[in-house]
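Being a predicted model, the structure only gives us computed values, none of them experimental.
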Amino acid sequence: MPISSQIPIVDYLALGDRPHLVAHECTRCGARFFDRRNACASCFASDFALVDVATEGELRSFTIVAFAAPGIDVPFVAGVVDCDGTSVRANVINCPPDPEHVSLGMKVRLATYSVGTDANGTQAIGFGFEPIT
C-alpha cells in the first residue's frame with residue numbers, strides 16, 4: 001500500500017527535504033522550549049519566536065535503558081544532545097546500545113524513522129540522533 005502522507009509524532013519536528021526541530025525561543029532572554037509556553041520559565045516574558053534547531057550536536061548525557069513498559073524493545077539509549085546550545089532529549093538510534101558504541105561527547109545528527117502506518121496510509125514519523133561516522 002503506498003504511503004499517502006506523513007505526520008510528525010511531535011509538533012516540533014518539521015518534515016520535508018531537510019527534517020529539523022523547531023523551538024519556541026524567548027525574545028527577551030533566548031531560552032528555548034519545545035512545547036508552547038504562556039511565559040518563559042527563565043525570565044517570565046511572554047513573547048516567543050519560532051527558531052530552527054541545529055541538526056547536528058554532541059551527546060552530553062546518556063543512559064542505556066534495560067527495563068521499559070511492555071511492548072517497548074530494550075535495551076535502547078536515551079540521551080541529551082547539545083545542538084549548538086539547545087538541549088534536546090532523544091534516543092540515540094542506528095547504533096548498538098552499549099558503552100563500546102555510545103560515549104559522552106560523540107558527534108550525532110538528527111535522523112527520522114517510521115513509527116508506524118495507519119489504515120489510511122498515513123505514516124507517523126519519529127526522530128532520534130545517530131552517530132556521525
Checklist entry - From S5 OG over to D118 CG, what is the distance, rounded to the nearest 0.5 angstrom? => result 7.5 Å

Checklist entry - About how many Å separate CD of E25 and CZ of R37, when rounded to the nearest 0.5 Å? => result 14.0 Å

Next on the checklist: Looking at H20 and R18, would you say the former's side chain and the latter's main chain have a donor-acceptor pair under 3.5 Å?
Outcome noted: yes

Next on the checklist: Measuring only between side-chain heavy atoms, which start at C-beta, is L21 closer than 4.5 Å to V88?
Outcome noted: yes

Checklist entry - Under 4.5 Å between any side-chain heavy atoms of V22 and V51, yes or no? => result no

Next on the checklist: Under 3.5 Å, is there a donor on one side chain and an acceptor on the other for N91 and R89?
Outcome noted: no

Checklist entry - Can you say whether the rings of F127 and Y12 are parallel (under 30°), tilted (30 to 60°) or perpendicular (over 60°)? => result perpendicular

Next on the checklist: Any donor-acceptor pair under 3.5 Å linking the side-chain atoms of R109 with those of T55?
Outcome noted: no

Checklist entry - Are any of the side-chain heavy atoms of C83 and V81 separated by less than 4.5 Å? => result yes

Checklist entry - Hey, mind stepping through E58 and K107 against salt bridge (charged side-chain N to carboxylate O under 4.0 Å, His left out) and telling me if it holds? => result CA-CA 5 Å; E58 183 176 303; K107 304 299 183 197; 2.8 Å; yes

Checklist entry - In Å, rounded to the nearest 0.5 Å, how long is the span from CG of L104 to CZ of F62? => result 5.5 Å

Next on the checklist: I need the L15 CG to I9 CD1 distance, nearest 0.5 Å.
Outcome noted: 11.0 Å

Item to check | Close side-chain approach of F48 and T27, heavy atoms under 4.5 Å | outcome: no

Checklist entry - Could you give the distance from CG (L110) to CZ (F129), rounded to the nearest 0.5 Å? => result 5.0 Å

Checklist entry - Under a single-linkage definition using a 4.5 Å side-chain heavy-atom cutoff for Ile, Leu, Val, Met, Phe, Trp and Tyr, are V92 and I64 assigned to the same hydrophobic cluster? => result yes

Checklist entry - Hey, are the side chains of C95 and V102 touching, using non-hydrogen atoms and a 4.5 Å cut-off? => result yes

Checklist entry - Atom CD1 in I125, atom CG in L13: separation rounded to 0.5 Å? => result 8.0 Å

Next on the checklist: So P75 and V65, do their side chains get closer than 4.5 Å, heavy atoms only?
Outcome noted: no

Checklist entry - So, do C43 and C26 sit near enough that their side-chain heavy atoms are less than 4.5 Å apart? => result yes

Checklist entry - Is the number of heavy atoms from other residues, nucleotides or ligands under 6.0 Å of D98 CG greater than 12? => result yes

Checklist entry - Run the side-chain contact (heavy atoms from CB on, under 4.5 Å) check on E130 and V108 step by step: do they pass? => result CA-CA 5 Å; E130 64 185 2; V108 294; over 6 Å; no

Checklist entry - Would V115 and V74 show up in the same hydrophobic cluster when neighbours are defined by side-chain heavy atoms closer than 4.5 Å? => result no

Item to check | Nearest heavy atoms of Y113 and G128, plus distance in Å | outcome: CE2-N, 4.1 Å

Next on the checklist: For D11, is the CG atom crowded, meaning more than 12 foreign heavy atoms sit under 6.0 Å from it?
Outcome noted: no

Checklist entry - If we only count heavy atoms from C-beta on, is the F34 to H24 side-chain gap below 4.5 Å? => result no

Next on the checklist: Please give me the minimum heavy-atom distance between V53 and A23, naming the atom from each residue.
Outcome noted: CG2-CB, 3.9 Å

